[in-house]
S.K.: 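What follows is a single structure, and I will ask about it in a moment.
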Amino acid sequence: MSKLPLPVRLALLVAGTTLPMIVFAVGIAVYNYRQDRSDATRRVLENVRSMRLVLDSEVQRMTGGLQVLALTNSLRNDDFPNFRRIALGFLDQYGKGGLVLISDRKGRLLFSSATEDAASLPPRGNLAIVEKVFATRAPQYSDLFTGAINGRQVLTVEVPVVRNGEVIYDLCFSPPVGIFQELVEKQRPDLQWTVSLLDTTGTVFARVPNPGETFGKRASPSLYTEMFRAPEAALSTVSLDGVALASAYTRSRLTGWTVAAGVPESSLIAPLWRNIAITSLIGGVLLLIGLTFAVRMATTIARGEMLHDLLIEELNHRVKNTLALMQAIAVQTFRSASRDERTKFEGRLGALAEAHNLLSQEKWAGSELKEVITRVLQPFLLNSPERIRLDGPAVPLSPRLAVVLSMIVHEIATNAAKYGALCNETGRVTLEWEVIADAPKPRLRLIWTEIGGPPVTEPVRRGFGSRLIERSARDQLGGEATVDFLPRGVVCTVICKLDEAR
């Protein structure tokens, strides 16, 4: 090594210090990709659970309506003409395509909402589920089968009609299949997602994308093989469209139907290649700069031995600066913070982004307080909107107030979701506001009240979120924020001056 020319030795020194940094940065990118992929899979599983709850809620609504019909006197007294009027009223809420049928134990159809001519009705399709209704005396939910009345593939919700303690009829409702397709389309997080509803045999009855081409088909082999091994799982699959997905599924205990969803693997790996490309580019540029500088320094050193020590020190100084720059780039690019801190930061950015989206829609002329609050609380309202009650007059906000208040409400709601009334199944929150006009300039007072949460204990120290709330209210809004840790629940009060919405 000592026999090599000085320029070559310096070049090897620069390469030896820069290349490990590039390799280290690429390693961080790969690690972050794995973390992000794990997070994406978790989000998919959380979404299918949420979709299953929505599906179960819709089916329970149908079941409850049928059970009410089963208790009507006209049906118990075999007054089918009068029952027709009631059944048609029930069908009105589901639009066109719904069908109500009544059959006996042998599957003979005694009533159809589609016709008044009961004598011409064919035998009931899917006799197995009719027998199950009579045997179990409980509601049943079918797989896809060909209906005897309309000849189309249908799903049914069926309940027993009981008289004098005995099941006398099977009351069947065949909802329009489009109801389930509409549910899937509304629950789909974005256009990249593939979402499917499957019956207990693994047959698709609602899906995005390509619903028409996949209706009635069996799930893709990779999903079909796994979905009967456990009621819920996250896995890698290939869709019916041939797309590799990071997927998850969950099965409903109510119906036995399965909700499956996935995001393309390509959308997850693209950021990895982008980060590696950026890292390689930056590293290559720094390496080239270092090599160029090393050659120039070596040439200068060769011209005069007297400057040797000084130039070596200068080279060391420049190399240290280069390494410091690489360290700063790694910290900024590869997010060395913990996952919890990253999640908090992303949540704050999300709240800020929602406020900016709303202001952009209003062309930065201001916005209405309730709309700002609703946007911020949307993630907390998805599964249980009834747990958060909003009450207050219409209050126009300036862009400045809208942005700051959105950050404050986000922090309060996040604390409630982690420690307060929104972290369990029973807690409730009331957010009330009023305009106080007893000062030269009107003021806004918001009161966040929690009940039904875990036992309240005042924290030993305040976190960053608490300081953000207090300082934002004081320094940016010219007001104040107080938090009372009462036995029944936390009460947070924010008072600020109102600007004119412009």
Side-chain angles (χ1 to χ4, degrees), residues 55 58-164 166-183 197 199-201 203-206 211-212 215-216 255 257:
L55 175 63
E58 180 63 28
V59 174
Q60 285 175 331
R61 186 169 72 92
M62 296 177 186
T63 306
L66 282 182
Q67 288 174 326
V68 171
L69 291 181
L71 295 174
T72 57
N73 290 330
S74 56
L75 182 55
R76 287 182 163 186
N77 296 330
D78 301 330
D79 185 1
F80 295 131
N82 188 49
F83 178 74
R84 176 176 299 279
R85 176 181 56 80
I86 301 173
L88 293 178
F90 169 79
L91 289 174
D92 283 343
Q93 62 185 309
Y94 294 100
K96 296 181 179 180
L99 185 66
V100 172
L101 301 174
I102 298 174
S103 59
D104 62 13
R105 182 184 295 271
K106 296 181 179 180
R108 290 178 298 189
L109 284 175
L110 307 176
F111 172 88
S112 170
S113 61
T115 178
E116 297 183 11
D117 184 10
S120 63
L121 294 175
R124 168 65 200 275
N126 197 359
L127 288 176
I129 196 169
V130 176
E131 294 172 356
K132 199 170 182 180
V133 169
F134 276 88
T136 63
R137 302 167 60 92
Q140 301 296 324
Y141 308 95
S142 80
D143 296 322
L144 273 179
F145 70 95
T146 302
I149 300 296
N150 51 29
R152 297 194 300 266
Q153 286 195 300
V154 296
L155 294 159
T156 59
V157 178
E158 317 207 10
V159 301
V161 179
V162 180
R163 183 169 61 198
N164 298 328
E166 296 292 331
V167 179
I168 58 172
Y169 299 130
D170 174 302
L171 178 58
C172 167
F173 171 47
S174 171
V177 178
I179 287 179
F180 302 108
Q181 183 62 35
E182 182 179 353
L183 182 148
L197 300 184
D199 65 17
T200 62
T201 67
T203 303
V204 176
F205 63 88
F215 180 83
T255 61
W257 300 341

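Remember, predicted model here, so these are calculated numbers, not experimental data.
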S.K.: Under the rule for side-chain hydrogen bond (donor to acceptor under 3.5 Å, both in side chains), what residues qualify as partners of Thr136, not counting sequence neighbours?
M.R.: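 Partners of Thr136 by the side-chain hydrogen bond (donor to acceptor under 3.5 Å, both in side chains) criterion, ordered by chain and then number, come out as Gln140.
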
S.K.: Which residue pairs satisfy the salt bridge (Lys or Arg N to Asp or Glu O under 4.0 Å) criterion with at least one member in residues 87-105, sequence neighbours excluded?
M.R.: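 Non-adjacent pairs meeting salt bridge (Lys or Arg N to Asp or Glu O under 4.0 Å): Asp104-Arg108.
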
S.K.: As an exercise, state the distance from CG of Leu101 to CG of Asp170, rounded to the nearest 0.5 Å.
M.R.: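 One finds 9.0 Å between CG of Leu101 and CG of Asp170.
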
S.K.: What residues form a ring pair (Phe, Tyr, Trp, His ring centres under 6.0 Å) with Phe90, not counting sequence neighbours?
M.R.: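 For Phe90 the ring pair (Phe, Tyr, Trp, His ring centres under 6.0 Å) partners, ignoring immediate neighbours, are Tyr94, Phe173.
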
S.K.: Quick one: does Ser142's side chain have a donor or acceptor within less than 3.5 Å of a partner on Thr156's backbone?
M.R.: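 Yes, Ser142 side chain to Thr156 backbone: donor-acceptor pair under 3.5 Å.
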
S.K.: Roughly how far apart are Phe180 CZ and Glu58 CD, rounded to 0.5 Å?
M.R.: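 If we round to the nearest 0.5 Å, Phe180:CZ and Glu58:CD are 7.0 Å apart.
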
S.K.: Can Asp199 and Thr201 be counted as having a side-chain donor-acceptor contact under 3.5 angstrom?
M.R.: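 Yes, a side-chain donor-acceptor pair sits under 3.5 Å.
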
S.K.: Ignoring hydrogens, what is the shortest heavy-atom contact between Ala114 and Ile149? Give both atom names and the distance.
M.R.: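 Smallest heavy-atom distance, with atoms named: CB-CG2, 4.3 Å.
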
S.K.: Is the closest side-chain heavy-atom distance between Val157 and Thr255 below 4.5 Å?
M.R.: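 No. Closest side-chain heavy atoms not under 4.5 Å.
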
S.K.: According to the salt bridge (Lys or Arg N to Asp or Glu O under 4.0 Å) rule, which pairs have a member within residues 131-160, sequence neighbours left out?
M.R.: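 Of all non-adjacent pairs touching residues 131-160, those that pass salt bridge (Lys or Arg N to Asp or Glu O under 4.0 Å) are Arg124-Glu158.
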
S.K.: Between Pro160 and Ala70, what is the shortest heavy-atom contact and its length?
M.R.: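 Looks like O-CB, 3.8 Å.
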
S.K.: To the nearest 0.5 Å, tell me how far Ser120 OG sits from Leu109 CG.
M.R.: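 The distance works out to 10.0 Å.
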
S.K.: Given 3.5 Å as the limit, does a donor-acceptor pair link the side chain of Arg76 with the main chain of Arg163, or not?
M.R.: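 Here the side-chain-to-backbone pair does not exist.
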
S.K.: Rounded to the nearest 0.5 Å, how far apart are CZ of Phe215 and CD of Gln181?
M.R.: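 Result: 9.5 Å between the selected atoms.
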
S.K.: Ser112: what forms a side-chain hydrogen bond (donor to acceptor under 3.5 Å, both in side chains) with it, not counting sequence neighbours?
M.R.: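 Here no residue qualifies.
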
S.K.: Taking side-chain contact (heavy atoms from CB on, under 4.5 Å) as the criterion, tell me which of Leu197, Thr203, Leu55 meets it with Trp257.
M.R.: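 With Trp257 as partner, Leu197, Thr203, Leu55 yield a single side-chain contact (heavy atoms from CB on, under 4.5 Å), made by Leu55.
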
S.K.: Begin from the C-alpha positions of Leu144 and Leu155 and carry the test side chain to side chain contact (heavy atoms under 4.5 Å, CB included) through to its verdict.
M.R.: CA-CA 5 Å; Leu144 273 179; Leu155 294 159; 3.9 Å; yes

S.K.: Should the ring pair Phe80 and Tyr169 be called parallel, tilted or perpendicular, given that the plane angle runs from 0 to 90° and is split at 30 and 60?
M.R.: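 Phe80 and Tyr169: tilted rings.
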
S.K.: For Val100 and Phe111, run side chain to side chain contact (heavy atoms under 4.5 Å, CB included): C-alpha distance rounded to whole Å, both residues' side-chain angles, the deciding distance at 0.1 Å, then the answer.
M.R.: CA-CA 8 Å; Val100 172; Phe111 172 88; 4.2 Å; yes

S.K.: At their closest point, which heavy atom of Thr146 faces which heavy atom of Gly151, and how far apart are they?
M.R.: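 Looks like CG2-O, 3.6 Å.
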
S.K.: Are Val159 and Thr63 close enough, and set up right, to give a side chain to side chain contact (heavy atoms under 4.5 Å, CB included), and what steps lead you there?
M.R.: CA-CA 7 Å; Val159 301; Thr63 306; 4.1 Å; yes

S.K.: Identify the two heavy atoms, one from Pro122 and one from Ala148, that lie closest to each other, and give their separation to 0.1 Å.
M.R.: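 Closest approach of Pro122 to Ala148: CG-O, 3.6 Å.
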
S.K.: Locate the shortest heavy-atom distance separating Asp117 from Thr115; write the atom from each residue and the value.
M.R.: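 Answer, listing the atom of Asp117 first, then Thr115: N-OG1, 3.1 Å.
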
S.K.: Would you check if Ser113 and Leu88 make a side-chain contact, meaning some heavy-atom pair closer than 4.5 Å?
M.R.: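 Sidechains of Leu88 and Ser113: in contact.
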
S.K.: What distance do Ser174 atom OG and Met62 atom CE have between them, rounded to the nearest 0.5 Å?
M.R.: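 That separation rounds to 9.5 Å.
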
S.K.: So, Thr200 and Tyr141: side-chain donor and acceptor under 3.5 Å apart, yes or no?
M.R.: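 No, no side-chain donor-acceptor pair sits under 3.5 Å.
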
S.K.: If every non-hydrogen atom of Gly98 is compared with every non-hydrogen atom of Pro176, which pair is closest and at what distance?
M.R.: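 Taking Gly98 first and Pro176 second, the nearest heavy atoms are N-CG, 3.6 Å.
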
S.K.: Among Leu75, Leu69, Leu91, whose side-chain contact (heavy atoms from CB on, under 4.5 Å) with Ile86 holds?
M.R.: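 Among Leu75, Leu69, Leu91, the one meeting side-chain contact (heavy atoms from CB on, under 4.5 Å) with Ile86 is Leu69.
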
S.K.: For residues 143-162, which residue pairs qualify under ring-ring contact (aromatic ring centres under 6.0 Å, His included), counting only residues two or more places apart or in two chains?
M.R.: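 Pairs touching residues 143-162 that pass the test: none.
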
